[in-house]
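Lettering of chains follows the sequences in order, A, B, ..., and the numbering in each one begins at 1. These numbers come from the heavy atoms of this one structure, side chains and all, not from hydrogens, waters or symmetry mates. Remember, predicted model here, so these are calculated numbers, not experimental data.
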2 protein chains.
Amino acid sequence: MREEIVEAGQAQFHERGFNAAAVKDITDRAGVPKGSFYNHFESKEALAIEALERYGVSRRLGDLADQSVEPLARIRAHFEYLRDEVLGYGNLRGCMLGNFTTEVADHNDSIQQLLKQGLGLWAERLGGALAEAQEAGSIPAGLDTAMIGRYLVSAWEGTLIRVRAERSPEPFDDFFTVTFDTLLA
Amino acid sequence: MREEIVEAGQAQFHERGFNAAAVKDITDRAGVPKGSFYNHFESKEALAIEALERYGVSRRLGDLADQSVEPLARIRAHFEYLRDEVLGYGNLRGCMLGNFTTEVADHNDSIQQLLKQGLGLWAERLGGALAEAQEAGSIPAGLDTAMIGRYLVSAWEGTLIRVRAERSPEPFDDFFTVTFDTLLA
DNA sequence: TTGGCTGAGACGACCGGTCATATTGGACGC
DNA sequence: GCGTCCAATATGACCGGTCGTCTCAGCCAA
């Protein structure tokens, strides 16, 4: 039962956002009685924290360190994976890390800390793969790879905002073209 | 009285987001009785739409077309203006366009349309200034300026997400350095 | 019988919106 | 200029609904 609640929670938070996703919506989706919720979670916030942690894992940051794939190709595949997920949602929902930052982070220190770590880790992993790409001579030698990694997190999160505003995958094209054909070329 | 409500609405929506900003919070902040609200606005959503339009105007996109300033300097000044505003909020709040996109756009077509237009206009203006900079020889000749304009909107919105997650202005440094010293250099 | 777990529904707070009544401002007539 | 009337606006209590959380009666296993 607990597992069903976590999955349902993640889906509802992702789809509606934290405030608009009611505990009742989550338990309905999980097919469990609403009263049972507090037998498993201390609060709605506690579930949100667990859902965010699960989401972070599903970003598959490990792929960015996969030595069997060329660094630049890894980075591209990573963003393609993320893009394809959003395409599967019909260009809705965005990224849970970005969504929660926007809706919750200013007012909730626990969640803000978690998001800071999550986004920071992602940027770091990107920076790592970029450094490898630089060593391999795939990207210009003068780039500060840690900084570019951070910039790409920004560019990606913003791309998702545009995808949602436009309800179109076209901003992804901008991201891939400018990132790989201009910035990293 | 109506003006007070609009200003209070904009402040509350910006600070708390659409769902968490109650009509009562807005009227309290405006110093008007709650019942008066519906004499001036049909609904909370109607106020949000007006607040968003006001916010769009306050982005001062006209500055991007100011012929008395060099194009690249205009662009930089434009982002510095936006950055300074966020610094004034203590690295909280983000951009209302991005915030509403994240929280509301998936579920509200009217607001989604408005946000699409708002972000699109901004990208277009940036693209225009970039094209001028390119003609002036300030940025590389091979760049697709319209696409870069769109990419910069993404990079900026994502930068604001990181600023909020980290509660730190450092992501702005990444933005300015990578944008002006790498991407447009 | 006892102890632990479960879950339906109660609880108090909050929400957007309504509406009967009160107040105000402007137009008109003297 | 002043008084009256009416339309417009203001007001705050109320409405029905939703919300996160908690409680306690019921159930089940040992």
Selected nucleotide, minimal atom distance to A/Ser43 side chain, candidates C/dG17, C/dG7, D/dT21:
D/dT21

With a 4.0 Å cutoff (strictly under), does any side-chain N or O of [X] reach OP1 or OP2 of [N]?
| X | N | answer |
| --- | --- | --- |
| A/Lys44 | D/dG20 | yes |
| B/Ser36 | D/dA10 | no |
| A/Tyr38 | D/dT21 | yes |

Just to verify, what does A/Ala20 make a side-chain contact (heavy atoms from CB on, under 4.5 Å) with, not counting sequence neighbours?
A/Arg16, B/Asn19

Measure from CG on B/Asn19 to P on C/dC15 and round the result to the nearest Å.
11 Å

Taking atom C1' of D/dG12 as reference, at what distance in whole Å does atom CZ of B/Phe37 sit?
16 Å

Once you apply a heavy-atom cut-off of 4.0 Å, does A/Ala46 come out as touching a base, just sugar-phosphate, or nothing?
nothing

Remember a base hit wins even if backbone is also touched, and classify A/His40 as base, sugar-phosphate or nothing at under 4.0 Å, heavy atoms.
nothing

What class does the angle between the rings of B/Trp156 and B/Phe79 fall in, given that below 30° is parallel, 30 to 60° is tilted and above 60° is perpendicular?
tilted

Please verify the inter-ring angle class for A/Phe180 with A/Phe176; under 30° counts as parallel, over 60° as perpendicular, anything in between as tilted.
parallel

Under the criterion salt bridge (charged side-chain N to carboxylate O under 4.0 Å, His left out), I'd like the reasoning laid out for B/Arg167 against A/Asp109: C-alpha separation, chi angles, the key distance, then a yes or no.
CA-CA 10 Å; B/Arg167 292 188 184 169; A/Asp109 293 347; 2.8 Å; yes

Kindly say whether, by distance alone, the side chain of A/Lys24 makes a donor-acceptor pair under 3.5 Å with the base of D/dG20?
no

